[in-house]
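What's counted below: heavy atoms across the whole structure, side chains too, no hydrogens, waters or symmetry copies.
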Amino acid sequence: MEDGGYAVRRWEDLETDILVRIFQSFDVFELTSGIAHVCSGWRLACCDPLLWKTLDLSMMKSNFIKIPLEPYVYVDGRSDKLLSRLLKISMSLSRGNITTLIFHFNLYVSDDQLTYTAERCPKLKRLVLPAWNRIKKTGICKAISCWKDLESLTMPSIANPPYFIEEIAKNCRNFRELKIMGPCDILFASTLVAYLPKLKVLSLRCSMLLREALLMILEGLPQLEVLNISHCLLFDLSPSPTSKRIFREIDPFILEKASQLRRFLTCSQDTCVMCQRTKTDEGLLRWYKYEEGLWKEDEVSSLNH
(Lines give C-alpha, C1' and ligand atoms only; values in the text may rest on other atoms or scores of the structure.)
Protein backbone atom coordinates (compact mmCIF):
# COMPACT_ATOMS: atom_id res chain seq x y z
CA MET A 1 0.00 0.00 0.00
CA GLU A 2 1.41 3.37 -1.03
CA ASP A 3 0.64 6.78 0.46
CA GLY A 4 2.51 9.76 -0.94
CA GLY A 5 5.29 7.53 -2.18
CA TYR A 6 5.87 5.80 1.20
CA ALA A 7 4.98 2.25 2.12
CA VAL A 8 2.54 2.21 5.04
CA ARG A 9 2.91 -0.68 7.47
CA ARG A 10 -0.02 -1.93 9.45
CA TRP A 11 0.14 -2.31 13.25
CA GLU A 12 -0.39 -6.05 12.94
CA ASP A 13 2.72 -6.27 10.74
CA LEU A 14 5.05 -4.98 13.46
CA GLU A 15 7.79 -7.40 14.41
CA THR A 16 7.12 -9.37 17.59
CA ASP A 17 10.14 -8.05 19.49
CA ILE A 18 9.04 -4.46 18.85
CA LEU A 19 5.52 -5.24 20.07
CA VAL A 20 6.93 -6.89 23.19
CA ARG A 21 8.98 -3.78 23.95
CA ILE A 22 5.84 -1.65 23.61
CA PHE A 23 3.78 -4.02 25.77
CA GLN A 24 6.45 -3.97 28.49
CA SER A 25 5.28 -0.45 29.30
CA PHE A 26 1.71 -1.73 29.95
CA ASP A 27 0.39 -2.77 33.34
CA VAL A 28 -1.54 -5.99 33.89
CA PHE A 29 -4.90 -4.27 33.41
CA GLU A 30 -3.86 -3.00 29.97
CA LEU A 31 -2.32 -6.34 28.97
CA THR A 32 -5.56 -8.15 29.82
CA SER A 33 -7.89 -5.53 28.29
CA GLY A 34 -8.26 -7.35 24.97
CA ILE A 35 -5.19 -6.37 22.94
CA ALA A 36 -4.35 -10.07 22.54
CA HIS A 37 -7.48 -10.39 20.37
CA VAL A 38 -6.39 -7.82 17.79
CA CYS A 39 -4.62 -10.44 15.68
CA SER A 40 -2.47 -13.55 15.97
CA GLY A 41 0.74 -11.48 15.93
CA TRP A 42 -0.39 -9.34 18.84
CA ARG A 43 -1.47 -12.41 20.82
CA LEU A 44 1.93 -13.99 20.24
CA ALA A 45 3.58 -10.84 21.61
CA CYS A 46 1.18 -10.71 24.58
CA CYS A 47 2.26 -14.22 25.57
CA ASP A 48 5.98 -13.43 25.55
CA PRO A 49 7.64 -14.61 28.83
CA LEU A 50 9.31 -11.20 29.26
CA LEU A 51 5.89 -9.71 30.00
CA TRP A 52 4.96 -12.29 32.60
CA LYS A 53 7.87 -12.70 34.98
CA THR A 54 5.81 -10.77 37.55
CA LEU A 55 2.05 -10.56 38.00
CA ASP A 56 1.68 -7.45 40.15
CA LEU A 57 -1.80 -6.93 41.61
CA SER A 58 -0.56 -4.66 44.39
CA MET A 59 -2.78 -1.82 43.15
CA MET A 60 -5.95 -3.91 43.01
CA LYS A 61 -8.25 -3.96 46.06
CA SER A 62 -11.40 -5.90 46.84
CA ASN A 63 -14.64 -4.01 47.34
CA PHE A 64 -15.47 -5.32 50.81
CA ILE A 65 -17.07 -4.65 54.16
CA LYS A 66 -15.97 -5.97 57.54
CA ILE A 67 -18.24 -8.46 59.30
CA PRO A 68 -18.14 -9.79 62.90
CA LEU A 69 -17.75 -13.49 62.02
CA GLU A 70 -15.20 -15.45 59.98
CA PRO A 71 -13.82 -14.68 57.47
CA TYR A 72 -14.42 -11.18 58.89
CA VAL A 73 -14.84 -9.64 55.42
CA TYR A 74 -17.60 -9.80 52.83
CA VAL A 75 -16.41 -9.23 49.27
CA ASP A 76 -18.80 -7.79 46.70
CA GLY A 77 -19.65 -10.29 43.95
CA ARG A 78 -18.71 -7.95 41.12
CA SER A 79 -15.32 -7.36 42.72
CA ASP A 80 -14.78 -11.12 42.95
CA LYS A 81 -15.73 -11.62 39.30
CA LEU A 82 -13.35 -8.89 38.20
CA LEU A 83 -10.44 -10.59 39.99
CA SER A 84 -11.41 -14.01 38.63
CA ARG A 85 -11.55 -12.63 35.09
CA LEU A 86 -8.18 -10.92 35.41
CA LEU A 87 -6.57 -14.07 36.81
CA LYS A 88 -8.08 -16.24 34.07
CA ILE A 89 -6.78 -14.01 31.27
CA SER A 90 -3.39 -13.57 32.96
CA MET A 91 -2.96 -17.31 33.41
CA SER A 92 -3.87 -17.89 29.77
CA LEU A 93 -1.42 -15.30 28.44
CA SER A 94 1.44 -16.07 30.84
CA ARG A 95 1.56 -19.76 29.90
CA GLY A 96 3.06 -20.80 33.23
CA ASN A 97 5.95 -18.32 33.13
CA ILE A 98 5.08 -16.22 36.20
CA THR A 99 7.81 -16.35 38.87
CA THR A 100 6.61 -13.50 41.12
CA LEU A 101 3.02 -12.96 42.28
CA ILE A 102 2.02 -9.91 44.35
CA PHE A 103 -1.40 -9.27 45.91
CA HIS A 104 -2.56 -6.11 47.73
CA PHE A 105 -3.16 -6.38 51.50
CA ASN A 106 -6.83 -5.53 50.85
CA LEU A 107 -7.25 -7.99 47.96
CA TYR A 108 -9.11 -10.90 49.53
CA VAL A 109 -8.42 -13.93 47.37
CA SER A 110 -10.69 -16.96 47.73
CA ASP A 111 -9.61 -20.61 47.89
CA ASP A 112 -10.79 -21.22 44.33
CA GLN A 113 -8.94 -18.20 42.97
CA LEU A 114 -5.74 -19.15 44.78
CA THR A 115 -5.70 -22.80 43.72
CA TYR A 116 -6.65 -21.88 40.14
CA THR A 117 -3.66 -19.54 40.03
CA ALA A 118 -1.29 -21.95 41.79
CA GLU A 119 -1.98 -24.74 39.33
CA ARG A 120 -1.07 -22.42 36.45
CA CYS A 121 2.08 -20.88 38.01
CA PRO A 122 4.33 -23.90 38.54
CA LYS A 123 7.52 -21.81 38.29
CA LEU A 124 6.59 -19.39 41.09
CA LYS A 125 9.55 -18.32 43.22
CA ARG A 126 8.16 -15.36 45.13
CA LEU A 127 4.69 -14.83 46.62
CA VAL A 128 3.37 -11.72 48.36
CA LEU A 129 0.00 -12.61 49.92
CA PRO A 130 -0.76 -10.42 52.97
CA ALA A 131 -4.52 -11.20 53.27
CA TRP A 132 -5.67 -14.73 54.12
CA ASN A 133 -9.16 -14.04 55.47
CA ARG A 134 -10.94 -16.12 52.81
CA ILE A 135 -8.26 -18.79 52.42
CA LYS A 136 -8.74 -22.06 54.29
CA LYS A 137 -6.12 -24.56 55.40
CA THR A 138 -6.82 -26.91 52.49
CA GLY A 139 -6.60 -24.07 49.97
CA ILE A 140 -3.22 -22.69 51.02
CA CYS A 141 -1.72 -26.16 51.45
CA LYS A 142 -2.87 -27.19 47.97
CA ALA A 143 -1.35 -24.02 46.54
CA ILE A 144 1.98 -24.58 48.30
CA SER A 145 2.13 -28.14 46.96
CA CYS A 146 2.11 -26.66 43.43
CA TRP A 147 5.02 -24.31 44.11
CA LYS A 148 8.04 -26.58 44.38
CA ASP A 149 10.39 -23.71 43.41
CA LEU A 150 9.06 -21.20 45.97
CA GLU A 151 11.91 -19.26 47.60
CA SER A 152 10.31 -16.18 49.14
CA LEU A 153 7.00 -15.48 50.90
CA THR A 154 5.32 -12.44 52.44
CA MET A 155 2.42 -13.52 54.64
CA PRO A 156 0.30 -12.33 57.59
CA SER A 157 0.76 -13.52 61.13
CA ILE A 158 -1.58 -16.50 61.64
CA ALA A 159 -2.87 -18.17 64.80
CA ASN A 160 -1.84 -21.71 63.87
CA PRO A 161 1.36 -21.59 61.79
CA PRO A 162 2.70 -25.19 62.15
CA TYR A 163 0.46 -26.81 59.50
CA PHE A 164 1.44 -24.19 56.91
CA ILE A 165 5.16 -23.88 57.66
CA GLU A 166 5.43 -27.68 57.65
CA GLU A 167 3.83 -27.67 54.18
CA ILE A 168 6.53 -25.28 52.97
CA ALA A 169 9.24 -27.49 54.48
CA LYS A 170 7.83 -30.56 52.70
CA ASN A 171 7.34 -29.00 49.27
CA CYS A 172 9.69 -26.04 48.81
CA ARG A 173 13.28 -27.27 49.00
CA ASN A 174 14.76 -23.90 47.98
CA PHE A 175 12.75 -21.78 50.42
CA ARG A 176 15.02 -19.17 52.02
CA GLU A 177 13.18 -15.90 52.67
CA LEU A 178 10.15 -15.01 54.82
CA LYS A 179 8.37 -11.80 55.78
CA ILE A 180 5.65 -11.87 58.43
CA MET A 181 3.26 -8.92 58.50
CA GLY A 182 2.06 -9.07 62.08
CA PRO A 183 3.10 -10.16 65.58
CA CYS A 184 5.62 -12.95 66.09
CA ASP A 185 4.99 -14.97 69.25
CA ILE A 186 6.60 -18.04 70.78
CA LEU A 187 4.50 -20.44 68.70
CA PHE A 188 5.47 -18.77 65.42
CA ALA A 189 9.15 -18.58 66.38
CA SER A 190 9.28 -22.21 67.52
CA THR A 191 7.55 -23.28 64.30
CA LEU A 192 10.20 -21.55 62.19
CA VAL A 193 12.97 -23.19 64.21
CA ALA A 194 11.35 -26.63 63.91
CA TYR A 195 10.53 -26.61 60.19
CA LEU A 196 12.73 -23.99 58.49
CA PRO A 197 16.21 -24.36 60.02
CA LYS A 198 17.82 -23.32 56.70
CA LEU A 199 16.00 -19.99 56.52
CA LYS A 200 18.36 -17.23 55.34
CA VAL A 201 16.29 -14.02 55.50
CA LEU A 202 13.54 -13.05 57.94
CA SER A 203 11.67 -9.74 58.21
CA LEU A 204 9.38 -8.97 61.16
CA ARG A 205 9.32 -5.20 60.72
CA CYS A 206 6.58 -2.93 62.11
CA SER A 207 5.09 -5.48 64.50
CA MET A 208 4.86 -6.58 68.11
CA LEU A 209 7.79 -8.89 68.88
CA LEU A 210 8.17 -10.90 72.07
CA ARG A 211 11.75 -10.86 73.37
CA GLU A 212 11.70 -14.62 74.05
CA ALA A 213 10.58 -15.22 70.46
CA LEU A 214 13.44 -13.09 69.15
CA LEU A 215 15.96 -15.04 71.23
CA MET A 216 14.49 -18.31 70.00
CA ILE A 217 14.97 -17.15 66.39
CA LEU A 218 18.54 -16.00 66.99
CA GLU A 219 19.50 -19.24 68.73
CA GLY A 220 17.47 -21.70 66.66
CA LEU A 221 18.07 -20.61 63.05
CA PRO A 222 21.79 -21.33 62.54
CA GLN A 223 21.82 -20.40 58.85
CA LEU A 224 19.98 -17.09 59.24
CA GLU A 225 21.93 -14.28 57.60
CA VAL A 226 19.56 -11.30 57.61
CA LEU A 227 17.03 -10.38 60.31
CA ASN A 228 14.93 -7.23 60.07
CA ILE A 229 13.15 -6.04 63.24
CA SER A 230 13.05 -2.37 62.24
CA HIS A 231 10.22 -0.36 63.88
CA CYS A 232 9.19 -3.33 66.05
CA LEU A 233 7.77 -3.03 69.55
CA LEU A 234 10.03 -5.38 71.49
CA PHE A 235 8.31 -6.48 74.68
CA ASP A 236 8.51 -8.93 77.53
CA LEU A 237 5.70 -10.41 79.58
CA SER A 238 5.67 -8.89 83.04
CA PRO A 239 4.64 -10.85 86.15
CA SER A 240 1.11 -9.59 85.58
CA PRO A 241 -0.41 -11.55 82.66
CA THR A 242 -2.42 -8.53 81.56
CA SER A 243 0.52 -6.17 81.06
CA LYS A 244 3.62 -5.95 78.88
CA ARG A 245 7.03 -4.42 79.43
CA ILE A 246 8.21 -2.51 76.33
CA PHE A 247 11.95 -2.23 75.68
CA ARG A 248 13.12 1.14 74.41
CA GLU A 249 16.50 -0.27 73.42
CA ILE A 250 17.85 -3.67 72.43
CA ASP A 251 19.84 -5.11 75.30
CA PRO A 252 23.49 -6.27 74.98
CA PHE A 253 22.59 -9.95 75.32
CA ILE A 254 20.43 -9.85 72.20
CA LEU A 255 23.03 -7.79 70.33
CA GLU A 256 25.64 -10.41 71.15
CA LYS A 257 23.41 -13.18 69.84
CA ALA A 258 22.72 -11.14 66.69
CA SER A 259 26.42 -10.53 66.01
CA GLN A 260 26.53 -13.84 64.13
CA LEU A 261 24.22 -12.40 61.47
CA ARG A 262 25.47 -10.74 58.32
CA ARG A 263 22.85 -7.99 58.79
CA PHE A 264 20.75 -7.18 61.85
CA LEU A 265 18.37 -4.36 60.94
CA THR A 266 16.84 -2.40 63.80
CA CYS A 267 15.19 0.94 64.47
CA SER A 268 13.39 1.98 67.64
CA GLN A 269 13.86 5.74 67.66
CA ASP A 270 11.26 8.11 69.10
CA THR A 271 11.88 10.42 66.16
CA CYS A 272 11.19 7.70 63.55
CA VAL A 273 7.77 8.06 61.91
CA MET A 274 7.35 4.32 61.33
CA CYS A 275 8.33 3.54 64.94
CA GLN A 276 5.73 6.05 66.12
CA ARG A 277 3.08 4.46 63.91
CA THR A 278 3.87 0.97 65.19
CA LYS A 279 3.52 2.24 68.75
CA THR A 280 0.26 4.07 67.99
CA ASP A 281 -1.20 0.96 66.33
CA GLU A 282 0.02 -1.26 69.20
CA GLY A 283 2.24 -3.46 67.05
CA LEU A 284 -0.32 -4.24 64.35
CA LEU A 285 -0.12 -1.53 61.71
CA ARG A 286 -3.36 -0.35 60.10
CA TRP A 287 -1.76 0.08 56.69
CA TYR A 288 -4.95 1.51 55.19
CA LYS A 289 -4.45 4.67 57.27
CA TYR A 290 -1.13 5.50 55.65
CA GLU A 291 0.40 6.29 52.29
CA GLU A 292 -0.60 3.98 49.44
CA GLY A 293 2.15 1.46 48.79
CA LEU A 294 3.86 1.96 52.16
CA TRP A 295 3.01 -1.61 53.16
CA LYS A 296 5.24 -2.91 50.35
CA GLU A 297 8.41 -1.32 51.69
CA ASP A 298 11.15 -3.22 53.49
CA GLU A 299 14.70 -2.45 54.59
CA VAL A 300 15.70 -5.78 53.01
CA SER A 301 16.01 -5.02 49.30
CA SER A 302 14.88 -8.46 48.13
CA LEU A 303 11.61 -8.02 50.08
CA ASN A 304 11.02 -4.44 48.97
CA HIS A 305 8.62 -4.43 46.04
Side-chain angles (χ1 to χ4, degrees), residues 27-29 54-67 70-76 79-80 82-84 86-87 90 98 100-115 117-118 121 124 126-136 139-140 143-144 147 150 152-161 164 168 177-185 188 201-209 228-233 273-305:
D27 61 27
V28 64
F29 305 104
T54 298
L55 179 57
D56 188 352
L57 302 180
S58 62
M59 297 303 292
M60 186 178 189
K61 307 176 189 178
S62 297
N63 183 19
F64 71 97
I65 57 173
K66 293 183 179 180
I67 56 177
E70 289 190 8
Y72 304 111
V73 292
Y74 171 79
V75 178
D76 175 68
S79 179
D80 241 3
L82 180 62
L83 175 59
S84 294
L86 190 146
L87 289 173
S90 297
I98 294 171
T100 299
L101 183 56
I102 304 174
F103 293 96
H104 192 277
F105 73 90
N106 271 344
L107 185 56
Y108 295 100
V109 182
S110 68
D111 271 341
D112 289 343
Q113 290 165 339
L114 182 65
T115 53
T117 304
C121 295
L124 196 73
R126 184 180 180 210
L127 174 65
V128 178
L129 186 63
W132 288 24
N133 296 59
R134 302 172 67 204
I135 299 173
K136 297 181 176 65
I140 192 63
I144 289 298
W147 291 324
L150 190 68
S152 174
L153 172 66
T154 296
M155 63 174 289
S157 180
I158 57 177
N160 182 28
F164 173 68
I168 290 179
E177 188 176 72
L178 178 65
K179 178 175 180 176
I180 303 171
M181 297 181 67
C184 181
D185 56 15
F188 219 130
V201 179
L202 177 62
S203 179
L204 306 171
R205 72 189 302 270
C206 300
S207 64
M208 185 76 79
L209 177 59
N228 185 12
I229 63 167
S230 299
H231 324 301
C232 280
L233 280 182
V273 173
M274 289 308 300
C275 288
Q276 292 172 3
R277 289 172 172 176
T278 304
K279 186 175 181 180
T280 300
D281 291 346
E282 299 180 336
L284 186 60
L285 254 70
R286 278 72 170 174
W287 294 105
Y288 62 86
K289 299 195 303 184
Y290 306 118
E291 300 90 334
E292 182 62 48
L294 185 65
W295 67 274
K296 297 187 289 184
E297 295 182 4
D298 201 287
E299 289 73 17
V300 179
S301 59
S302 58
L303 291 170
N304 188 55
H305 48 274

(request) Please confirm whether the backbone N or O of Asp298 pairs with a side-chain atom of Asn304, one donor and one acceptor, at under 3.5 Å? (result) yes
(message) We want to know whether Asp56 and Ser58 form a side-chain donor-acceptor pair, criterion being a heavy-atom distance below 3.5 angstrom.
(response) yes
(request) Give the intermediate values and the outcome of ring pair (Phe, Tyr, Trp, His ring centres under 6.0 Å) for residues Trp132 and Phe103. (result) CA-CA 11 Å; Trp132 288 24; Phe103 293 96; over 10 Å; no
(message) Could you walk me through whether Tyr290 and Asp281 satisfy the side-chain hydrogen bond (donor to acceptor under 3.5 Å, both in side chains) test, starting with their C-alpha distance in whole Å, then the side-chain angles of each, then the deciding distance to 0.1 Å, before giving a yes or no?
(response) CA-CA 12 Å; Tyr290 306 118; Asp281 291 346; 2.9 Å; yes
(request) For residues Leu107 and Lys61, report the shortest heavy-atom separation together with the two atoms involved. (result) CD1-C, 4.1 Å
(request) Of all the heavy-atom pairs spanning Gly139 and Leu114, show the shortest one and how long it is. (result) O-CD2, 4.1 Å
(message) How close do Val75 and Ser62 get, counting heavy atoms only, and between which atoms?
(response) CG1-CB, 4.1 Å
(request) Could you tell me whether the side chains of Glu299 and Asn228 share a donor-acceptor contact shorter than 3.5 Å? (result) yes
(request) Report the distance from atom CG of Leu233 to atom NZ of Lys279, rounding to the nearest 0.5 Å. (result) 8.0 Å
(message) What I want to check is whether the side chains of Asp112 and Ser110 have a donor and an acceptor closer together than 3.5 Å.
(response) no
(request) Calculate, to the nearest 0.5 Å, the distance between atoms OH and CZ belonging to Tyr74 and Phe64 respectively. (result) 13.5 Å
(request) May I ask you to check whether over 12 heavy atoms, not counting those of Glu282, lie within 6.0 Å of atom CD? (result) no
(request) Working to the nearest 0.5 Å, report the span between CE of Met208 and SG of Cys232. (result) 10.0 Å
(request) Taking all non-hydrogen atoms of both residues into account, name the closest pair between Cys206 and Leu285 and its distance. (result) O-CD1, 3.8 Å
(message) How about NZ on Lys296, more than 12 heavy atoms from neighbouring residues, nucleotides or ligands closer than 6.0 Å, or not?
(response) yes
(request) Run through Tyr288, Phe105, Trp287 and flag the one making a ring-ring contact (aromatic ring centres under 6.0 Å, His included) with Trp295. (result) Phe105
(request) Kindly say whether Pro183 contributes a backbone atom to a donor-acceptor pair with the side chain of Ser157 at under 3.5 angstrom? (result) yes
(request) Check the pair Leu82, Met60 against side-chain contact (heavy atoms from CB on, under 4.5 Å), reporting the backbone distance first and the verdict last. (result) CA-CA 10 Å; Leu82 180 62; Met60 186 178 189; 3.8 Å; yes
(request) Rounded to the nearest 0.5 Å, what's the gap from OG1 on Thr54 to CD1 on Ile98? Could you check? (result) 8.5 Å
(message) Regarding Arg277 and Glu291, does a basic nitrogen lie under 4.0 Å from an acidic carboxylate oxygen?
(response) yes
(message) Could you go through Leu129 and Thr154, starting from their C-alpha distance and side-chain angles, then the distance that decides it, and tell me whether this counts as side-chain contact (heavy atoms from CB on, under 4.5 Å)?
(response) CA-CA 6 Å; Leu129 186 63; Thr154 296; over 6 Å; no
(request) Using a strict 4.0 Å threshold on nitrogen-to-oxygen distance, state whether Glu70 and Lys136 make a salt bridge. (result) no
(request) Tell me, yes or no, whether the heavy-atom count around Lys66 atom NZ, taken from other residues, nucleotides or ligands under 6.0 Å, exceeds 12. (result) no
(message) Tell me the closest heavy-atom pair linking Tyr108 and Gln113, and the distance in Å.
(response) O-OE1, 4.2 Å
(request) Just do the side-chain contact (heavy atoms from CB on, under 4.5 Å) check on Arg134 and Asp80 with the steps written out, would you? (result) CA-CA 12 Å; Arg134 302 172 67 204; Asp80 241 3; 2.8 Å; yes
(message) Could you go through His305 and Arg126, starting from their C-alpha distance and side-chain angles, then the distance that decides it, and tell me whether this counts as side-chain contact (heavy atoms from CB on, under 4.5 Å)?
(response) CA-CA 11 Å; His305 48 274; Arg126 184 180 180 210; 2.9 Å; yes
(message) Can you give me the closest heavy-atom contact between Leu303 and Ser152, atom names plus distance?
(response) CD2-OG, 3.8 Å
(message) If I take atom CG from residue Leu83 and atom CG from residue Leu57, how far apart are they, to the nearest 0.5 angstrom?
(response) 7.0 Å
(message) Any side-chain to backbone donor/acceptor pair from Thr278 onto His231? Under 3.5 Å, distance only.
(response) yes
